[in-house]
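Okay, structure first, notes after.
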Amino acid sequence: MVDLFVIGGGINGCGIARDAAGRGYSVTLAEMNDLASATSSASTKLFHGGLRYLEFFEFRLVREALIERETLLRAMPHISWPMRFVLPWHPSMRFESETPASKLLTFVMPWMKGRRPAWLIRLGLFMYDHLGGRKILPGTTSLSLKGSPEGAPLQDRFETAYEYSDCWIEDSRLVVLNARDAETRGAQILTRTKVISADRSGDHWEILTQDATGAQHRHRARMIVNAGGPWVGEILRGTIRANSREGVRLVRGSHIVVPRLTEHDKCYFFQGTDGRIIFAIPYETDFTLIGTTDKDHPDPAQRPECTPGEQDYLLAFANQYFKRQLGREDIVWTYSGVRPLYDDGASSATAATRDYTLKLEQNGAPMLNVFGGKITTYRRLAESALDKIGVALGRETAPWTAGVPLPGGDFPVDGVDRLIREVQAAHPFLTDAWARRLVRAYGTEAATICEGAATEHDMGRAFGATLTEREVLWLMRKEYARTAEDVVWRRNKLGLRLKEDQVAALDDWMSREQARYAAAE
């Protein structure tokens, strides 16, 4: 029997499993697909305080997220890094009409008719700079767009902007590294394992799972953590058959990827005439990521897709700002994810709270249900979850994850370039781009992957786009990858560069390698 059985291999489930294992709890985690196969690999890839959440007066959430940015930067400098965000200002900019800030401004200053005055934006950015006790990241500055690299891609009507700081995060790698660290600390991580049923039996749970082969297994646990993301409600009422009134609101966020639109590495924060915002972010060296939308999503079983209407919306939004007018023919990839937000009765998907809600049930064997949350605050969510778990299981434990690096992150925040040089010096066959990609994915473990390799040939079979046999084997044996999709869309984004036949060849090779490995056992 284990102490905790965690259902869900997204960032919340893996974050809780890691924290719990580090406190001495015995933990099993089951994910029905690959890790980060849903919401946690479909974010906008940002560690951010949520500047727009200030308009909803969610000050606690924003402050917690701002503090976490720098805590997390120190723990994962390979997969997260600072970015500067350029917010162009124009007199026509408006609030989203349903926000508390919009309603207050309309009441106090009705002649503004919902427009965002420059002083109010600057006030919001001042709060953003100071709510979280910023130490590493630079603060807000004003920027003239005339004749500047930041202004060059934008239409001439935009003359001034504000520039502030937030952070990039490789979201799906964050999930995998949390799972790996949890396993190192004693947790059992079961991927492609669906929970069929869970029943209370006195003071514990009897849990039935089914793995990818169809084989069923029984588990016993003192407590269940339902971190099923979009499926949290389905698990609650279907798998566990609990009589609960707690609800989840599924909100789809879609993104498009187009060829690179800028010559610099800064991100844009665009405000629309409808009051919503989108980001335009440098992506995978040669591309620009544009998103996101907010649309209610009816069913977690329905695969989220960026609809033609959402594509047109994002293109039209970007075209209000960029000189280069984008069309559907410019889209090289789209992705969409479903945010499982706590159903607080908000009138619109945009207004629904991004804060997390933890509900502990102690009618018999305890269960903790996790609703909502942001990727930025996953570690704090896990700490809050462990507080409730400690109460339920009668064990007092201390927080420990702040400042403790994830695998590969044991180097200084400003040490990426130095680490790249060291890896390249030890393996001169690595090109600049190849070395940077490896270090940005694996940090100090890039040296382990390349250990003993004097030539490119020593890295084994080449699958294209610098992906080699050694790296794939690492992903299969250390990071739970089973298919080509796991590798080229979640462990990295080389799917943007590989052709269909290359991906198919990789998938075939991985299948044969798994069969060979299983036979050797």
Side-chain angles (χ1 to χ4, degrees), residues 1-17 19-20 25-33 38-40 187-188 190 193-210 216-251 296-302 338-346 352-353 355-373 378 381-382 384-395:
M1 182 185 298
V2 297
D3 295 319
L4 295 178
F5 193 99
V6 180
I7 305 175
I11 189 54
N12 290 336
C14 291
I16 291 170
D19 196 337
Y25 289 100
S26 53
V27 180
T28 295
L29 180 146
E31 162 57 45
M32 64 179 176
N33 297 306
T39 306
S40 295
Q188 182 184 30
L190 304 174
T193 300
K194 185 172 184 178
V195 176
I196 303 300
S197 65
D199 298 289
R200 285 186 171 97
S201 178
D203 63 351
H204 69 277
W205 289 89
E206 296 283 346
I207 302 153
L208 180 66
T209 63
Q210 182 171 294
Q216 295 188 344
H217 306 273
R218 295 192 178 275
H219 310 262
R220 301 170 74 210
R222 296 176 63 200
M223 182 173 182
I224 278 181
V225 176
N226 175 11
W231 292 270
V232 63
E234 187 176 288
I235 292 167
L236 191 58
R237 283 176 279 278
T239 307
I240 298 174
R241 300 182 298 281
N243 184 19
S244 174
R245 284 181 273 179
E246 303 297 338
V248 62
R249 183 170 190 167
L250 302 180
V251 176
D296 283 312
H297 192 77
D299 183 358
Q302 179 182 332
V338 176
R339 309 179 192 100
L341 307 181
Y342 184 66
D343 192 353
D344 60 355
T353 181
D355 208 346
Y356 55 82
T357 301
L358 305 175
K359 294 292 184 178
L360 177 63
E361 295 187 14
Q362 291 186 274
N363 183 20
M367 170 175 63
L368 182 67
N369 296 299
V370 180
F371 297 92
Y378 89 90
L381 181 153
S384 298
L386 265 295
D387 288 343
K388 292 184 178 294
I389 289 166
V391 170
L393 297 184
R395 187 187 300 181

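Numbering of residues begins at 1 and proceeds along the displayed sequence.
- Partners of Gln216 under the side chain to side chain donor-acceptor pair (under 3.5 Å) rule, at least two apart in sequence or in another chain, are Gln210.
- Under the 4.5 Å side-chain criterion, counting only non-hydrogen atoms from C-beta, Phe371 is not in contact with Arg249.
- By the side chain to side chain donor-acceptor pair (under 3.5 Å) test, Thr28 is found to be paired with Gln188, residues two or more places apart in sequence or in another chain being considered.
- Distance check, rounded to the nearest 0.5 Å: CD1 of Ile235 to CD1 of Ile7 gives 5.0 Å.
- Every residue meeting the ring pair (Phe, Tyr, Trp, His ring centres under 6.0 Å) condition with His219, not counting sequence neighbours, appears here in chain and number order: Phe5.
- Glu206 meets the salt bridge (Lys or Arg N to Asp or Glu O under 4.0 Å) test with Arg220; sequence neighbours excluded.
- With contacts defined as side-chain heavy-atom distances shorter than 4.5 Å, the pair Val370/Val225 qualifies.
- Remark: the backbone N or O of Asn363 is not paired with any side-chain donor or acceptor of Glu361 at under 3.5 angstrom.
- With a 4.5 Å cut-off on side-chain heavy atoms, His217 and Leu208 do not count as touching.
- Legend: residues meeting side-chain contact (heavy atoms from CB on, under 4.5 Å) with Asp387, ordered by chain and number and at least two apart, are absent.
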| field | From CA spacing to verdict: side-chain contact (heavy atoms from CB on, under 4.5 Å), Val251, Asp296 | value | CA-CA 4 Å; Val251 176; Asp296 283 312; 4.0 Å; yes
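- At a threshold of 4.5 Å between non-hydrogen side-chain atoms, the residues Pro300 and Leu250 count as touching.
- In this structure Asp199 satisfies the salt bridge (Lys or Arg N to Asp or Glu O under 4.0 Å) test together with Arg241, sequence neighbours excluded.
- Two residues are said to be in side-chain contact when any heavy atoms from C-beta on lie closer than 4.5 Å; Leu236 and Asn369 meet this criterion.
- Between Arg200 and Ala365, the shortest heavy-atom distance links the atoms NE-O, 2.7 Å.
- Taking the side-chain contact (heavy atoms from CB on, under 4.5 Å) definition, one finds that Ala392 meets it with Met223, Leu360, Gln362, Pro366, sequence neighbours left out.
- In this structure, Thr39 contributes its side chain and Val338 its backbone to a donor-acceptor pair below 3.5 Å.
- With sequence neighbours excluded, the residues forming a salt bridge (Lys or Arg N to Asp or Glu O under 4.0 Å) with Arg222 are Asp3, listed by chain and number.
- With sequence neighbours left out, Ala385 forms a side-chain contact (heavy atoms from CB on, under 4.5 Å) with Ile16, Leu358, Leu368.
- For Asp19, the side chain to side chain donor-acceptor pair (under 3.5 Å) partners at least two apart in sequence or on another chain are Arg23, Trp400.
- Listed by chain and residue number, nothing satisfies the ring pair (Phe, Tyr, Trp, His ring centres under 6.0 Å) test with Tyr25 (two or more places apart in sequence, or in another chain).
- Residues Leu29 and Gly8 come closest through the heavy atom pair CD1-O, 3.5 Å.
- Counting only distance, with no hydrogens or angles, the side chain of Ser40 and the backbone of Ile11 share a donor-acceptor pair below 3.5 Å.
- In this structure the side chain of Trp205 reaches within 4.5 angstrom of the side chain of Ile240, judged on heavy atoms.
- Side-chain contact between Tyr356 and Ser384 is present, with heavy atoms from C-beta onward closer than 4.5 Å.
- Residue Ala17 comes nearest to Val27 through the heavy atom pair CB-CG1, 4.0 Å, listed as atom of the first residue, atom of the second, then distance.
- If you take CG on Leu190 and CE on Met32, they are separated by 14.5 Å, rounding to the nearest 0.5 Å.
- Residues passing the side-chain contact (heavy atoms from CB on, under 4.5 Å) test with Asp299 are Ala301, Gln302, sequence neighbours excluded.
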| task | Test Ile389 against Leu4 for side-chain contact (heavy atoms from CB on, under 4.5 Å), laying out the working first. | result | CA-CA 9 Å; Ile389 289 166; Leu4 295 178; 3.8 Å; yes
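- Proximity of Val195 to Ile224: side-chain heavy atoms (C-beta onward) are nowhere separated by under 4.5 Å.
- Between Pro230 and Pro340 the shortest heavy-atom distance is N-CB, 3.6 Å.
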